[in-house]
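Everything on this sheet refers to the single structure shown next.
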2 protein chains.
Amino acid sequence: MPEAAGSHIPAFERLNSLPVRRSLGQGVFENLKRAIIEGDLPPESRIVESRVAEALGISRTPVREAIHKLEREGLLRQGPRGGFFVAGLSSSDIEETFGIRSVLESYAARLAALRHQEGELRPLEEKLEAYEKSLKRGDLDLLPRINTEFHDLLYGLSRSPRLIKMINDLRDHIYRFRLVILRIEEMARLSNRDHRLMLKAMRERDPDEVERLVREHILRGQSVVLREFDMAGN
Amino acid sequence: MPEAAGSHIPAFERLNSLPVRRSLGQGVFENLKRAIIEGDLPPESRIVESRVAEALGISRTPVREAIHKLEREGLLRQGPRGGFFVAGLSSSDIEETFGIRSVLESYAARLAALRHQEGELRPLEEKLEAYEKSLKRGDLDLLPRINTEFHDLLYGLSRSPRLIKMINDLRDHIYRFRLVILRIEEMARLSNRDHRLMLKAMRERDPDEVERLVREHILRGQSVVLREFDMAGN
DNA sequence: GTTCTTGATACCGGATGCAAGATACAGGAT
DNA sequence: ATCCTGTATCTTGCATCCGGTATCAAGAAC
């Protein structure tokens with residue numbers, strides 16, 4: 001909400017910049033989630049309520065909330081003797097997740113091709129230009145972020161919020177592994193070519209072509225990640 | 001541990017048949033979930049921790065656990081002023097969910113066609129025969145259950161547990177609405193024909209055909225449900 | 001020396017207590 | 001009559017407490 005209700009009343013303007021009143025539990029949830037998907041909490045490491053609570057200077061209650069939510073989301077598993085652990089990913093987990101992404105995201109792209117409206121492709125073009133600029137400069141670190149934003153914009157045009165949420169949840173699970181794809185400059189260039197082709201097919205409203213492009217785009221990512229993963233001795 | 005420590009000591013044998021020690025919170029979660037997806041708790045009705053706790057004769061703590069998990073799962077939403085409500089479904093929610101199901105389940109079926117092994121189609125055949133027997137008898141009430149079991153068996157052959165879980169979660173969301181499909185005898189017969197064709201294509205390991213059949217099968221369900229839903233004045 | 005028992009400790013699930021914010025309502029001012 | 005406002009109640013979020021169980025280690029029994 002960029003234009004909040006009272007934003008034009010000078011005396012109250014500052015109130016809008018106050019931190020949003022979020023529950024402690026929600027904060028813990030988001031923090032833990034970030035820590036897990038970014039790899040700060042390595043797989044198989046144990047999560048102990050009281051430790052987390054103590055570290056954050058709060059009670060166990062909100063920590064429990066967060067842990068249970070993360071368990072439902074599949075980022076934590078409870079060991080056979082109780083106790084929660086960060087869920088690790090096997091090679092087949094990764095393969096499975098990329099496979100599911102390939103059908104969900106290609107479907108979202110198909111819907112986007114059918115449903116996008118006048119002018120909505122402009123932000124995609126801009127993102128693409130930003131990507132190419134970074135690529136030319138050798139700023140490979142920026143690419144994952146821009147890449148994700150491009151795909152978010154694309155899927156956003158599907159106007160299917162549940163689908164988008166599912167896609168995002170899946171991406172969170174394998175966030176760490178997606179990073180390696182664009183660190184290979186050859187892949188970064190291939191990605192860019194794919195994006196150009198997607199945009200072209202979007203303009204021509206060719207759902208079959210867009211669907212095919214996204215599917216192959218993701219499956220290429222899958223093979224890169226699996227190769228890296230297996231080489232790392234997993 | 002299928003062979004518990006004292007299972008051969010007669011005096012303690014009965015202890016092993018005690019209900020599996022499940023956490024209260026998990027039980028509440030499952031109960032509430034059932035109540036929601038079966039419509040016992042109508043959409044938009046408010047869920048109050050203390051009420052639920054009192055009704056079940058337990059404290060608020062496990063109820064909170066359950067509520068928060070249900071919220072993450074999308075079956076509850078919190079109102080703007082706090083407080084939890086049963087999430088209602090709009091026409092577009094239903095449309096969206098069936099669309100996502102069509103791609104996920106057809107993908108699962110494709111994998112099943114590629115991966116099933118010797119003799120694994122037998123349970124599917126039996127389920128199909130049970131379905132036809134009930135259909136001939138006019139036992140329409142039995143059909144949804146048998147139908148679900150058939151699809152579960154089919155997708156199980158995909159050997160993709162995450163995919164299966166996602167499919168089940170989606171089905172839970174629209175459980176109430178799926179019921180109407182098979183109450184129409186014409187649809188029940190069409191369904192049966194679809195299942196026969198799927199089984200045939202599975203035997204021939206024709207993934208494209210299986211995928212196509214499942215997709216159209218689900219989209220037909222979608223149109224039936226949407227028609228009923230809109231007629232009911234939603 | 002090996003195994004069994006037993007006690008200490010850590011941790012989780014559940015219950016309860018308490019405070020802050022929201023809601024509803026009643027009474028009073030305009 | 002309508003709108004404001006103050007109060008009582010309800011509900012949630014967080015903290016704390018309690019009991020049960022699993023883990024581990026040290027000591028006892030064989």
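Letters A, B, ... are given to chains in the order of the sequence lines, protein chains preceding strands, and every chain is numbered from 1. No hydrogens, no waters, no symmetry mates; every other heavy atom, side chains included, goes into these values. Given the structure is predicted, the values throughout are model-derived calculations rather than measurements.
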| query | What about F150(A) and Y131(A), are their ring centers closer than 6.0 Å? | reply | no
Rounded off to whole Å, could you give me the [atom1]-to-[atom2] distance for the [X] and [N] pair?
X      : N       : atom1 : atom2 : result
Q78(B) : dA22(C) : CD    : C1'   : 15 Å
F85(A) : dC12(C) : CZ    : P     : 9 Å
L24(B) : dG20(D) : CG    : P     : 14 Å
R64(A) : dG13(C) : CZ    : C1'   : 5 Å

What residues 66-76 of chain B contributes to the DNA chain D interface at heavy-atom separation below 4.0 Å is none
Do any of residues 41-63 of chain B sit with a heavy atom less than 4.0 Å from DNA chain D, and if so which?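 Result for residues 41-63 of chain B: R46(B), I47(B), V48(B), E49(B), R51(B), R60(B), sorted by number.
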Set out, in order, the CA-CA distance, both residues' side-chain angles and the distance that settles side chain to side chain donor-acceptor pair (under 3.5 Å) for N147(A) and H195(A), then state yes or no.
CA-CA 9 Å; N147(A) 177 65; H195(A) 293 164; 3.3 Å; yes
Margin query: Run the salt bridge (charged side-chain N to carboxylate O under 4.0 Å, His left out) test against D40(A) and tell me which residues pass, sequence neighbours left out.
Written below: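 Applying salt bridge (charged side-chain N to carboxylate O under 4.0 Å, His left out) to D40(A) gives none.
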- Task: List in chain and number order the residues that pass salt bridge (charged side-chain N to carboxylate O under 4.0 Å, His left out) with E95(B), two or more places apart in sequence or in another chain; answer none if no residue qualifies.
- Result: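 Partners of E95(B) under the salt bridge (charged side-chain N to carboxylate O under 4.0 Å, His left out) test: none.
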Note: contacts of residues 25-33 of chain B with DNA chain C (heavy atom, under 4.0 Å) are G25(B)
Would the number of heavy atoms belonging to other residues, nucleotides or ligands and lying under 6.0 Å from [atom1] of [X] be above 12?
X       : atom1 : result
E54(A)  : CD    : no
E126(A) : CD    : yes
R115(A) : CZ    : yes
F85(A)  : CZ    : yes

Correct closest heavy-atom pair for E228(B) and I184(B) would be OE2-CD1, 4.3 Å
Notebook entry, point to check: Can you find a heavy atom in the side chain of V86(A) that is under 4.5 Å from one in the side chain of E44(A)?
Noted result: no
Polar contact flag, side-chain donor to acceptor under 3.5 angstrom, Y155(A)-E105(A):
yes
Distance-only polar pair, side chains of R34(A) and N31(A), donor-acceptor under 3.5 Å = no
message = Before you tell me yes or no, could you show the steps for K33(B) and E73(B) under salt bridge (Lys or Arg N to Asp or Glu O under 4.0 Å), namely the whole-Å CA-CA distance, both residues' side-chain angles and the distance that decides it to 0.1 Å?
response = CA-CA 10 Å; K33(B) 181 168 172 175; E73(B) 193 157 339; 2.9 Å; yes
Given Watson-Crick and G-U pairs under 3.5 Å, DNA chain C in dot-bracket ([ ] crossing, | other strand) is ||||||||||||||||||||||||||||||
